[in-house]
Q: 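My questions all concern the structure below.
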Amino acid sequence: MILEEKYTLSNGIEIPKMGLGTWFISNKNVVNAVQEATKIGYRHIDTAQAYRNEKGVGEGVRSCGLKREELFVTTKLDAGVKSYKKAVSSIDKSLKKLGIDYIDMMIIHSPQPWTKFHGDDHYFEGNREAWRALEEAYKAGKIRAIGLSNFLKPDIDNIFESCTVKPMVNQILAHIGNTPHDLIDYCSDNEILVEAYSPIAHGELMKKAEVRNMAEKYGISVPQLSIRYCLQLGLLPLPKTANPEHMKNNMGVDFVISKEDMETLKNIEPLKDYGDASMMPVFGGKMNLKSLFKMVAKQIKG
Ligand SMILES: NC(=O)c1ccc[n+]([C@@H]2O[C@H](COP(=O)([O-])OP(=O)(O)OC[C@H]3O[C@@H](n4cnc5c(N)ncnc54)[C@H](OP(=O)(O)O)[C@@H]3O)[C@@H](O)[C@H]2O)c1
């Protein structure tokens with residue numbers, strides 16, 4: 001059963017092969033989502049400072065009835081934190097908000113602040129500073145594993161140049177219709193596990209006839225096909241839902257996509273439109289104050 005399977009990170013720590021995404025689940029609703037997910041068998045929860053729900057995730061973790069060590073909790077250092085000093089206090093704030101003694105994994109959310117996402121400025125120095133703070137917290141036992149998110153090859157190389165602890169993961173956008181094979185290969189060549197965020201393309205894959213037809217052929221749902229696709233590529237998918245029926249559906253991935261169908265899915269026409277979410281930097285949108293405000297309002301509403 002997928003929820004019981006694990007990958008081993010480069011530092012020897014085990015991480016459940018699939019996690020529950022919590023982006024756009026409010027602080028209030030995420031408590032119940034974590035409780036339901038853990039009842040179903042989920043052991044890995046993905047949050048971020050930017051999701052404004054660390055408090056609720058922590059409450060869910062503490063009240064779900066499982067021992068702390070049975071769960072794997074990931075959070076992310078805000079994309080705007082690009083100094084050592086700010087990173088140190090930010091890590092401590094996450095620990096406090098989550099209300100837990102240690103964080104299983106903390107990753108830098110993005111090499112650039114959201115308004116400059118994947119722009120020309122790589123914030124090399126700021127990322128090395130943030131990384132130094134993560135390394136210190138790791139060595140102090142506050143965090144069991146540290147990593148990156150949205151880092152491209154030059155951003156990863158920048159960390160390699162000065163790190164004393166190598167990044168253990170890179171969490172990137174990877175789904176049917178958008179699979180950055182070169183970056184994935186570069187990460188695996190360097191013992192960096194790739195986590196696939198938005199594995200269902202934020203829900204958009206369900207609208208794609210080609211994907212729907214293939215799911216139908218296997219007698220499964222589009223999310224199941226999407227999650228299985230990531231797993232067969234050796235990635236760690238993080239499907240988001242607060243709906244227990246969807247949580248149960250998403251764990252039904254004990255089937256195999258044929259080699260031929262994997263090739264078809266790898267070569268499917270790239271997805272260009274992420275619907276309402278297209279304004280998000282991670283989906284190619286430009287973040288301005290108006291969209292930032294809209295995003296925060298949506299997050300608070302849950
Ligand atoms: N590091 C980063 O920069 C970054 C960026 C984006 C995302 N992430 C992480 O990745 C996670 C997942 O990405 P995402 O939230 O963009 O989207 P996603 O997981 O690709 O898709 C979520 C959508 O799929 C629907 N869904 C899920 N399971 C379903 C099922 N079995 N049947 C029908 N619908 C289903 C959800 O609806 P319901 O909610 O109604 O179930 C929601 O609309 C995030 O929550 C976050 O933890 C990280």
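For ligands, and for the atoms within them, numbers begin at 1 and follow the listed sequence.
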Q: Taking the six-membered ring of Phe160 (Phe, Tyr or Trp), confirm whether the NZ or CZ of Lys166 is under 6.0 Å from its centre and within 45° of its axis.
A: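 Judged by the rule, Lys166 and Phe160 form a cation-pi pair.
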Q: Tell me, which protein residue and heavy-atom name are nearest atom 47 (O) of ligand 1, and how many Å apart are they?
A: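 Ranking protein heavy atoms by distance from atom 47 (O) of ligand 1, first comes Asp46 OD2, 2.6 Å.
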Q: With atoms numbered from 1 as shown, which atoms in ligand 1 lie under 4.0 angstrom from a non-hydrogen atom of Pro239?
A: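 The atoms of ligand 1 under 4.0 Å from a heavy atom of Pro239 are 19 (O).
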Q: If you measure every N or O of Asn250 against every N or O of ligand 1, does any of those distances drop under 3.5 Å?
A: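 It does: an N or O of Asn250 is found under 3.5 Å from an N or O of ligand 1.
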Q: Do Ser83 and Glu129 get their side chains close enough for a donor-acceptor pair, meaning under 3.5 Å?
A: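 Note: Ser83 and Glu129 side chains miss the donor-acceptor criterion.
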Q: Which heavy atom of the protein is the closest neighbour of atom 37 (O) of ligand 1, given with residue, atom name and distance?
A: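 Its nearest protein heavy-atom neighbour is His246 ND1, 4.2 Å.
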Q: Does His175 form a ring pair (Phe, Tyr, Trp, His ring centres under 6.0 Å) with Tyr274? I'd like the steps, not just the answer.
A: CA-CA 12 Å; His175 57 71; Tyr274 288 85; 5.7 Å; yes
Q: Which ligand 1 atoms, with their elements, are less than 4.0 angstrom from a heavy-atom of Ser198?
A: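 Ligand 1 atoms under the 4.0 Å threshold to Ser198: 6 (C), 7 (C), 10 (O), 12 (C), 13 (O), 14 (P), 16 (O), 17 (O), 18 (P), 20 (O).
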Q: Give yes if a backbone or side-chain nitrogen or oxygen of Ser221 is under 3.5 Å from a nitrogen or oxygen of ligand 1, and no if not.
A: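 No, since none of the N or O atoms of Ser221 sits under 3.5 Å from an N or O of ligand 1.
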Q: What's the shortest distance from atom 44 (C) of ligand 1 to any protein heavy atom, and which residue and atom give it?
A: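 Scanning the protein heavy atoms, the shortest distance from atom 44 (C) of ligand 1 goes to Trp23 CB, 3.5 Å.
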Q: Output the list of atoms in ligand 1 that are nearer than 4.0 Å to some heavy atom of Lys240, sorted by atom number.
A: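 Going through ligand 1 atom by atom, the ones under 4.0 Å from Lys240 are 12 (C), 15 (O), 19 (O), 22 (C), 27 (C), 36 (C), 39 (O), 45 (O).
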Q: Hydrogens and angles aside, do Gln49 and Thr75 bring a side-chain donor and acceptor to less than 3.5 Å of each other?
A: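 No, because no side-chain N or O of Gln49 sits under 3.5 Å from a partner of the opposite role on Thr75.
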Q: Regarding ligand 1, does Ile200 bring an N or O atom to under 3.5 Å of one of the ligand's N or O atoms?
A: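 Among all N and O atoms of Ile200, at least one is under 3.5 Å from an N or O of ligand 1.
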Q: Going by the atom numbers of ligand 1, which of them fall below 4.0 Å from some non-hydrogen atom of Asn249?
A: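 Per the distance check, 31 (N).
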Q: Can Asp92 and Lys96 be counted as an ion pair, charged N to O under 4.0 angstrom?
A: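 No, Asp92 and Lys96 are not salt-bridged.
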Q: Give the numbers and elements of all ligand 1 atoms closer than 4.0 Å to a heavy atom of His202.
A: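 That gives atoms 14 (P), 15 (O), 16 (O), 17 (O), 18 (P), 20 (O), 21 (O), 23 (C) of ligand 1.
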Q: Check whether any heavy atom of Ala201 sits under 4.0 Å from an atom of ligand 1.
A: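 True for this residue.
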Q: Using a strict 4.0 Å cut-off to heavy atoms of Tyr51, name the atoms of ligand 1 that fall inside it.
A: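 By the 4.0 Å cutoff, the relevant atoms are 4 (C), 8 (N), 9 (C), 46 (C), 47 (O), 48 (C).
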Q: Any heavy atom of Met206 closer to ligand 1 than 4.0 angstrom?
A: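 Yes, that is the case, since the closest heavy atom of the residue is under 4.0 Å from the ligand.
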Q: Got a salt bridge between Lys76 and Asp46, using NZ or NE/NH1/NH2 to carboxylate O under 4.0 Å?
A: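 So Lys76 pairs with Asp46 through a salt bridge.
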Q: Quick one: does ligand 1 sit under 4.0 Å from the side chain of Lys76, the backbone, both or neither, non-hydrogen atoms only?
A: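 The answer is the side chain of Lys76.
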Q: Report the nearest protein non-hydrogen atom to atom 6 (C) of ligand 1: residue, atom name, distance rounded to 0.1 Å.
A: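 Its nearest protein heavy-atom neighbour is Tyr197 CD1, 3.2 Å.
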Q: For atom 11 (C) of ligand 1, grab the closest protein heavy atom and report residue, atom and distance to one decimal in Å.
A: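 Sorting protein heavy atoms by distance from atom 11 (C) of ligand 1 puts Leu238 O, 3.1 Å first.
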Q: Assess whether a salt bridge exists between Glu59 and Arg62, defined as any Lys/Arg side-chain N lying under 4.0 Å from an Asp/Glu carboxylate O.
A: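 No, no charged N to carboxylate O under 4.0 Å.
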Q: Heavy-atom pairs closer than 4.0 Å: do any link ligand 1 to the side chain of Asn150, the backbone, both, or neither?
A: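 For Asn150, the contact with ligand 1 is made by the side chain alone.
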Q: For ligand 1, which is the ligand I care about here, please tell me if Thr241 has any N or O atom under 3.5 Å from one of the ligand's N or O atoms.
A: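 Thr241 vs ligand 1: N/O contact under 3.5 Å present.
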Q: With heavy-atom distances below 4.0 Å as the criterion, list the atoms of ligand 1 near Val282.
A: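 That gives atoms 3 (O) of ligand 1.
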Q: Before we go on, tell me: are the rings of Tyr186 and His181 under 6.0 Å apart, centre to centre?
A: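 Ring centroids of Tyr186 and His181 are no less than 6.0 Å from each other.
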Q: Decide, yes or no, whether a salt bridge links Arg68 with Asp104 under the criterion of side-chain N to carboxylate O below 4.0 Å.
A: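 The answer is yes: the pair qualifies as a salt bridge.
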Q: Spell out, yes or no, whether Leu205 and Tyr218 are grouped together once hydrophobic residues are joined by side-chain heavy atoms under 4.5 Å, including indirect joins.
A: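 Cluster IDs for Leu205 and Tyr218 match.
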Q: Give the atoms of ligand 1, by number and element, whose distance to some non-hydrogen atom of Pro199 is under 4.0 Å.
A: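 So the atoms of ligand 1 that pass are 19 (O), 20 (O).
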